[in-house]
Peer 1: 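Questions regarding the structure given below will be posed in turn.
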Amino acid sequence: MADGQKAVIDEGQCTGCGICVDVCSTKALEMVDDLAKLVRPGDCDGRGECVEACPVQCITLK
Ligand code: SF4
Ligand code: SF4
């Protein structure tokens with residue numbers, strides 16, 4: 001995985017389940033108005049636990 005990748009959430013697909021927030025070890029994600037958001041992009045390590053965990057595959061690393 002390339003350095004500096006960050007989680008990018010397709011909000012149109014997000015169901016608001018919150019799983020990605022639970023699995024994010026750096027707490028870079030939070031739920032905002034029932035959608036997942038990368039609220040602390042500087043804390044995202046790009047390892048992609050959220051990508052693996054999202055049941056609707058709406059998170060990618062870019
Ligand atoms: S890639 Fe890792 S650090 Fe970044 S938002 Fe996803 S789980 Fe959190
Ligand atoms: S795991 Fe996927 S569907 Fe669930 S809140 Fe996160 S981005 Fe949305």
Side-chain angles (χ1 to χ4, degrees):
M1 186 180 304
D3 281 346
Q5 287 196 309
K6 305 282 179 206
V8 178
I9 298 155
D10 179 350
E11 293 183 357
Q13 303 279 339
C14 177
T15 65
C17 71
I19 292 172
C20 57
V21 174
D22 290 341
V23 301
C24 177
S25 54
T26 69
K27 308 292 180 210
L29 298 170
E30 277 184 18
M31 300 306 293
V32 178
D33 294 334
D34 292 327
L35 294 173
K37 285 213 192 306
L38 186 64
V39 291
R40 283 177 284 277
D43 289 347
C44 178
D45 61 14
R47 290 177 58 211
E49 299 108 304
C50 56
V51 175
E52 302 281 322
C54 177
V56 296
Q57 281 101 42
C58 71
I59 312 176
T60 50
L61 293 173
K62 288 188 181 142

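Note that these values count all heavy atoms, side chains included, but never hydrogens, waters or copies made by symmetry. Since the model is a prediction, treat every value here as computed from it, not as a measurement. Counting starts at 1 for both ligands and their atoms, in listed order.
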Peer 1: Would you mind running through ligand 2 and noting each atom that sits below 4.0 Å from a heavy atom of T15?
Peer 2: 3 (S), 8 (Fe)
Peer 1: Okay, side chain of K6, backbone of G46: is any donor-acceptor separation there less than 3.5 Å?
Peer 2: no
Peer 1: If hydrophobic clusters are built by linking Ile, Leu, Val, Met, Phe, Trp and Tyr wherever their side-chain heavy atoms come under 4.5 Å apart, do M31 and I9 end up in the same one?
Peer 2: yes
Peer 1: So which protein heavy atom does atom 2 (Fe) of ligand 2 come closest to, and at what separation?
Peer 2: C54 SG, 2.3 Å
Peer 1: What protein heavy atom sits nearest atom 8 (Fe) of ligand 2, and how far away is it?
Peer 2: C14 SG, 2.3 Å
Peer 1: Closer than 4.0 Å to some heavy atom of C58 - which atoms of ligand 2 meet that?
Peer 2: 2 (Fe), 7 (S)
Peer 1: Does some side-chain heavy atom of S25 sit less than 4.5 Å from a side-chain heavy atom of D45?
Peer 2: yes
Peer 1: Which of the numbered atoms in ligand 2 are below 4.0 angstrom from a heavy atom of G18?
Peer 2: 4 (Fe), 5 (S)
Peer 1: Find the distance between CG (L38) and SG (C24) and round it off to the nearest 0.5 Å.
Peer 2: 8.0 Å
Peer 1: Using a 4.0 Å cut-off to any heavy atom of P55, which atoms of ligand 2 qualify?
Peer 2: 1 (S)
Peer 1: Clusters formed by hydrophobic residues whose side-chain heavy atoms approach within less than 4.5 Å: which one holds V32, and what are its other members?
Peer 2: V39
Peer 1: Write down the atom of A28, the atom of C44, and the distance for their closest heavy-atom approach.
Peer 2: CB-N, 3.9 Å
Peer 1: How about atom 6 (Fe) of ligand 1, which protein N, O or S atoms come within less than 2.8 Å?
Peer 2: C50 SG
Peer 1: Could you tell me whether ligand 2 has any atom less than 4.0 Å away from a heavy atom of A53?
Peer 2: no
Peer 1: Check each atom of ligand 2 against the heavy atoms of V56 and keep those under 4.0 Å away; list them by number with element.
Peer 2: 3 (S)
Peer 1: If you count the atoms of ligand 2 from 1 in the order shown, which ones are under 4.0 Å from a heavy atom of A36?
Peer 2: 5 (S), 6 (Fe), 7 (S)
Peer 1: Side chains of residues 51-62: which donor-acceptor pairs under 3.5 Å do they make with residues two or more places apart or in other chains?
Peer 2:
none

Peer 1: Out of curiosity, Q13 CD to L35 CG, how far, rounded to the nearest 0.5 Å?
Peer 2: 11.5 Å
Peer 1: Identify, by atom number and element, the atoms of ligand 2 in contact range of C17, meaning under 4.0 Å from any of its heavy atoms.
Peer 2: 1 (S), 3 (S), 4 (Fe), 5 (S)
Peer 1: Please, which pairs that meet salt bridge (Lys or Arg N to Asp or Glu O under 4.0 Å) have at least one residue in residues 8-31, sequence neighbours excluded?
Peer 2: E11-K37, E30-R40
Peer 1: Distance check, rounded to the nearest 0.5 Å: C20 atom SG versus E49 atom CD?
Peer 2: 11.0 Å
